[in-house]
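Below: the structure, in structure tokens.
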Amino acid sequence: MKVILSTLNAKFIHTSLAIRLLKAYSGNDFDIELAEYTIKDPTMNIVSDLFQRRPDVIGFSCYIWNIEETIRVIDVLKKVMPETTIVLGGPEVSYDTQYWMERVKSVDFIVMGDGEETFHHLLQELSGDRKFHYVFGTAYRKGDEVIINPGRPKSDLNTLPSPHRFPEDIPNLSKRIVYFETSRGCPFSCQFCLSSIEVGVRYYDIERVKSDILYLIDNGAKIIKFLDRTFNINRSYAMEMFEFLIENHRGCVFQFEITADIMRPEVLDYLAENAPPGIFRFEIGVQSTNDPTNELVKRRQNFTKLTRTVTKVKESGKIAQHLDLIAGLPQEDYATFRKTFNDVFALGPEELQLGFLKMLRGTGLRNDAAKYNYVYMEHAPYEMLSNDVLSFADVVRLKRLEDVLEKYWNAHRMDHTLNYLMRVEFDSPFDFFQEFGDYWEEQGWQRIGHQLEDLFLRLHEFLSQRKLKTPDVVLGLMKLDYFLGHKYKPRKIWWEDRIGKDSRGRYLSMLAEKFAWQSKELSGELAERPEGKPEQLDGHPMGQPEQLVQRPLSQPEQLVAQQEALPYHLAGRNLSERELQKFAVLEELPFRLEDALQNKELSAKSMEPSLLVVLYQQTVDEKPLYFSLPLARV
């Protein structure tokens with residue numbers, strides 16, 4: 001009997017842990033192949049591939065993101081392979097199982113809950129006596145009748161063989177995300193989450209976990225994403241794992257879902273002191289800061305402690321944080337969600353994901369939908385459309401906000417500009433993203449594609465029709481962000497270049513002299529500079545800020561750079577004028593760049609001109625370097 005275990009992943013880089021767990025458990029007794037596709041693959045391509053493999057049984061792992069596409073595949077499969085047994089499993093079909101058996105007539109069996117032991121028992125019956133009423137944890141058909149058997153007790157995780165040791169996975173370990181679990185279950189009871197249904201948390205033996213992770217790293221894994229619903233619920237287990245991963249990471253990146261308000265101070269201190277930058281990423285579900293809402297959905301959360309954790313992690317500079325919000329929870333209207341958004345944005349997460357409540361089958365909130373007048377999609381993803389305090393019009397507006405939040409903040413294309421806009425030009429981050437999102441849709445931009453340059457032009461157009469307090473500063477920061485968005489010196493810019501050829505040449509000459517001087521000074525080749533003789537450029541003394549005159553930069557050739565040491569991160573470099581021509585871009589700014597980037601009010605002195613210098617291809621990671629020098633008028 002030939003068995004294929006299949007699923008439709010969201011993207012190619014994703015891998016299915018579920019089908020590997022099933023193969024690991026049953027592969028010694030049955031001929032089992034894995035077949036992974038994506039939800040973007042055409043139905044006929046998937047069907048044709050499965051048809052050519054000639055399986056006797058096909059099992060599909062089903063989730064909210066792939067159920068509708070999977071059903072289309074199943075319906076065609078049953079027409080061209082009517083004798084093939086089709087089995088579904090996974091969280092999407094483990095609840096309301098009667099509904100799925102009635103809706104999808106092409107399905108022969110559904111495995112509910114933990115699948116390893118149940119699926120193995122089902123395969124034994126399919127190849128043997130076919131006494132399916134003995135297979136607890138399944139639903140099946142008996143003529144026109146649907147039979148749902150009693151559930152099966154939860155598995156002892158340490159009796160399950162490792163799903164991470166298949167030789168055929170090794171070639172792709174470095175190209176895909178490896179999904180990994182150290183536990184199953186969740187201790188919390190959030191009524192919008194499927195994890196609230198399972199009581200208790202089960203753990204794998206920690207030495208077995210370490211062994212599997214070392215195997216994956218040894219064979220090239222680059223990203224391991226832990227599926228534990230609350231990785232840090234067991235402090236000692238989590239601490240031992242953090243220590244192990246820090247000692248053995250070898251460049252691999254690890255992603256975790258953590259509950260921030262229960263993170264112990266000693267764990268935070270350890271990570272701040274010992275975690276190498278970039279190897280950990282925390283995903284933190286905040287969802288709402290509205291206390292009545294959290295109480296209604298049985299979500300225990302101490303926002304003060306959560307803030308402490310997120311702030312401590314951010315200050316360490318070691319770990320990227322992804323924070324989640326859910327719009328549409330009970331008693332969270334548009335105004336209170338605005339507060340939730342601003343509360344969480346103030347924590348400065350590297351990513352802030354705005355999701356919309358999904359009324360998942362089996363959850364308490366779906367069961368209580370009528371209580372809050374929820375209207376939601378009939379089929380997956382079951383997204384809420386409105387409730388008694390949030391209208392569909394409000395939902396549509398928040399969708400616009402989500403769109404620009406993803407394109408601009410989460411993509412990190414304009415961090416300096418956005419931080420300044422939200423601090424100085426708009427009442428709050430929420431108001432910026434909402435106003436921009438509204439304007440975006442009014443222009444019809446949601447229907448067309450966007451290159452990097454387009455995103456800058458569209459933000460510039462939006463801001464141009466709005467009266468800004470400091471438009472020159474905003475434009476200057478947009479120029480900085482545009483330059484930093486390139487690995488190599490950009491061939492074109494989206495604004496008019498105002499530096500004349502002669503001025504550019506003088507600036508490049510001055511910079512080359514600075515690099516040469518600093519390089520010699522560091523190597524000890526220069527004698528001590530005589531007192532009272534500042535360095536000169538074109539006969540003009542540098543370092544005389546009193547020469548500045550507050551007027552528009554209409555004559556850039558009259559600006560000279562003041563005496564200023566090059567930044568410490570450029571120490572030891574010696575770029576010639578010719579190299580600077582190749583690797584540097586220059587821009588005159590009508591303000592002091594360092595003042596605009598700091599979280600403080602701009603003064604009159606802040607509006608003194610400066611020279612922005614961006615250098616490309618000077619580091620191993622090819623990230624641009626930038627600095628600014630004050631300018632003086634003559």
Worked verdict on Ser196 versus Gln191 for side chain to side chain donor-acceptor pair (under 3.5 Å): CA-CA 7 Å; Ser196 65; Gln191 294 299 288; 4.5 Å; no
Nearest-0.5 Å distance, CG of residue Leu390 to OH of residue Tyr334: 10.0 Å
Polar side chain donor-acceptor pair, Arg176 to Thr15, under 3.5 angstrom: no
Heavy-atom pair of closest approach, residues Ile67 and Ala380: CG2-CB, 3.5 Å
Donor-acceptor under 3.5 Å (Gln434 side chain, Phe432 main chain): no
Approximate separation, where rounding is to 0.5 Å, of Asn387 CG and Tyr376 OH: 13.0 Å
Test item: Trp445 and Glu461 side chains (from C-beta on) under 4.5 Å apart, heavy atoms: yes
Glu36 (side chain) donor-acceptor with Ser16 (main chain) under 3.5 angstrom: yes
Pairwise distance CZ(Arg229) to OG1(Thr259) - rounded to 0.5 angstrom: 9.5 Å
Test applied, side chain to side chain contact (heavy atoms under 4.5 Å, CB included); reference residue, Val389; option that passes from Leu329, Asp394, Asp333: Asp333
Glu587 and Tyr482 side chains, donor-acceptor separation under 3.5 Å: no
Smallest separation among heavy atoms of Ile246 and His249, with atom names: O-CD2, 3.2 Å
Ring centers of His14, Trp65 separated by less than 6.0 Å: no
From Leu612, Asp415, Thr470, Leu593, residue fulfilling side chain to side chain contact (heavy atoms under 4.5 Å, CB included) relative to Leu477: Leu593
Side chains of Met414 and Leu455 in contact at under 4.5 Å (non-hydrogen atoms): yes
Verdict with reasoning, Phe462 to Glu442, per side-chain contact (heavy atoms from CB on, under 4.5 Å): CA-CA 11 Å; Phe462 163 63; Glu442 288 172 10; over 6 Å; no
Pair Phe280 + Phe242: ring centers closer than 6.0 Å: yes
Flag if over 12 foreign heavy atoms under 6.0 Å of CD, Gln465: yes
Short side-chain to backbone donor-acceptor contact, Thr340 and Thr289, under 3.5 Å: yes
Nearest atoms (heavy-atom pairs only) where Asp431 meets Asp427: OD2-CB, 3.6 Å
Ion pair Arg103/Glu68, N-O distance below 4.0 Å: yes
Note: Lys312-Asp269 ion pair, threshold 4.0 Å (strictly below): yes
Under 3.5 Å side-chain donor-acceptor pair for Ser386 and Ser391: no
Aromatic ring pairing Phe231/Phe256, orientation class (parallel under 30°, perpendicular over 60°, tilted between): tilted
Aromatic ring pairing Trp409/Phe345, orientation class (parallel under 30°, perpendicular over 60°, tilted between): tilted
Distance-only side-chain donor-acceptor flag, Ser288 / Glu332, under 3.5 Å: yes
Short side-chain donor-acceptor distance under 3.5 Å, Ser603 and Ser606: yes
Heavy atoms from other residues, nucleotides or ligands near CD of Glu622 exceed 12 (cutoff 6.0 Å): yes
Heavy atoms of other groups near Lys222 NZ, more than 12 under 6.0 Å: no
Stepwise side-chain contact (heavy atoms from CB on, under 4.5 Å) test for Tyr420 and Leu602: CA-CA 11 Å; Tyr420 182 85; Leu602 296 183; 3.4 Å; yes
Candidate pair Leu398 and Val395, rule side-chain contact (heavy atoms from CB on, under 4.5 Å), full reasoning: CA-CA 5 Å; Leu398 292 175; Val395 171; 5.8 Å; no
Atom pair CG/CG of Asp481 and Leu418 - distance to nearest 0.5 Å: 7.5 Å
Ion pair check, Lys225 and Glu283, cut-off under 4.0 Å: yes
Flag for Asp228-Ser183: side-chain donor and acceptor within less than 3.5 Å: yes
Residues, nucleotides or ligands: over 12 heavy atoms within 6.0 Å of Phe392 CZ: no
side-chain contact (heavy atoms from CB on, under 4.5 Å) between Tyr37 and Glu69, worked out: CA-CA 11 Å; Tyr37 308 98; Glu69 291 82 358; over 6 Å; no
pair Leu365-Tyr372: side-chain heavy atoms closer than 4.5 Å: yes
Interatomic spacing from OG in Ser6 to CD1 in Ile19 - rounded to 0.5 Å: 6.5 Å
Ionic contact status for Lys399 with Asp403, cut-off 4.0 Å: no
N/O donor-acceptor pair under 3.5 Å between Asp261 side chain and Asn302 backbone: yes
Arg361 versus Tyr382, closest heavy-atom pair with distance: NE-OH, 3.1 Å
Proximity of Trp495 and His460 rings by center, below 6.0 Å: no
Single hit among Val310, Leu271, Leu323, Thr309 for side chain to side chain contact (heavy atoms under 4.5 Å, CB included) with Phe282: Leu271
Side chains of Cys190 and Val297 in contact at under 4.5 Å (non-hydrogen atoms): no
N/O donor-acceptor pair under 3.5 Å between Arg300 side chain and Ser189 backbone: no
Interatomic distance, Lys314 atom NZ to Ile319 atom CD1 [nearest 0.5 angstrom]: 12.5 Å
Presence of salt bridge, Glu435 and Arg466, under 4.0 angstrom: yes
